[in-house]
Each structure stands twice: as C-alpha cells, then as structure tokens.
Amino acid sequence: MAQVEAQDHGLHGHAAATHAATHAEGQQHPIKLYLVVWGWLFILSACSYAVDYFGVHGYLRWALILIFMMLKAGLIVAVFMHMAWERLALSYAIIVPPLVILVFVAIMVVESRYTEITRVLSFGAGP
C-alpha cells in the first residue's frame, strides 16, 4: 500500500512539475506589451507634468494628479507585477484594501468639514 502511495505521489509530483514548467513558459510576455505600457506611463507622466506646467489650480489640479497617479499605479500593478494574469481572489486581496482605505478617508473628510462648520457656528470665526 505504501509503495502504491509513493508511486501515486511520484506521478502527481511529476505532473505538478510539468504543469509548473508549462505555466512558467506561459508567463513569458512579448516585449511589445512592456514597451506599450512604458509608453502609456510616459504619456500619463507627461499629462501629470502638464497639469503643473499649465497652472491648473484647486480641486481640478488635485483630481487630475490623483487620476493620473492611479492610472499609472494600475498599469504597474497589472503588467509589471503580473496581477492581470493572477487569480481573481489574489487580485481582490491586493486591490480591495486600498479602495476601502479611500472610502474611509472620504468619510473622514466629510466628518472633518462637519466638525469645522459646527465649531465655527458654535464658537465664532475666531481672532
């Protein structure tokens, strides 16, 4: 019985090694993909620089900078960290926590504005 289990384990080990070797070959991506992503990163960086160059101010400036930053981070995570080819559960494990943090930050911003308004109304504008 032990010999049969050992042979069975050996077959599974060989199949797993063959599958791993095939999977490793499948992870080779064409250089064109990396060059295209590099080009998009360059374009997005140029757009981010253009926001400062053209003197965009206020919330529009910060919104544009954050949008370009998130797009660049998404490209880097998807292609260079190979998240585009990972299992959905692993992708969710990496993508969902930062999104939840952004929701909490938005809640804190709303709460801080409410607190500021109530303090100004209660205590006056100050000196």
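No experiment lies behind these values; they were computed from the predicted model shown.
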message: With side-chain contact (heavy atoms from CB on, under 4.5 Å) as the criterion, how do F80 and L41 come out once you've worked through the C-alpha distance, each side chain's angles and the decisive distance to 0.1 Å?
response: CA-CA 12 Å; F80 294 119; L41 289 172; 3.8 Å; yes
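For CZ of R61, the number of neighbouring non-hydrogen atoms (other residues, nucleotides, ligands) closer than 6.0 Å is greater than 12.
V51 and W62 sit in two unconnected hydrophobic clusters of ILVMFWY residues. Membership requires side-chain heavy atoms under 4.5 Å apart, directly or through other members. Linking ILVMFWY residues whenever their side-chain heavy atoms come closer than 4.5 Å, directly or via other members, places V103 and V96 in the same cluster. Y49 and F42 fall into different hydrophobic clusters, where Ile, Leu, Val, Met, Phe, Trp and Tyr residues are linked whenever their side-chain heavy atoms come under 4.5 Å apart, directly or through other members. The same ILVMFWY cluster, assembled from side-chain heavy atoms under 4.5 Å apart, contains both L44 and L60. Under the 4.5 Å side-chain heavy-atom criterion for Ile, Leu, Val, Met, Phe, Trp and Tyr, V79 and V36 are members of the same hydrophobic cluster.
Two residues are said to be in side-chain contact when any heavy atoms from C-beta on lie closer than 4.5 Å; V105 and M108 meet this criterion. Side chains of V37 and I76 form no contact here, defined as non-hydrogen atoms less than 4.5 Å apart. Annotation: side chain of S48 is not in contact with side chain of M69 (no heavy-atom distance under 4.5 Å). At a threshold of 4.5 Å between non-hydrogen side-chain atoms, the residues I65 and V56 do not count as touching. Counting heavy atoms from C-beta on, the side chains of L71 and I67 come closer than 4.5 Å.
C47 and F68 get closest at one heavy-atom pair: CB-CZ, 3.5 Å.
One finds the CG atom of L121 at 10.5 Å from the CD atom of E116 (value rounded to the nearest 0.5 Å). The line from CH2 of W38 to CD1 of I43 is 9.5 Å long, rounded to the nearest 0.5 Å.
Side chain of S122 to main chain of R119: no donor-acceptor pair is present (N/O by atom type, distance under 3.5 Å, no hydrogens or angles).
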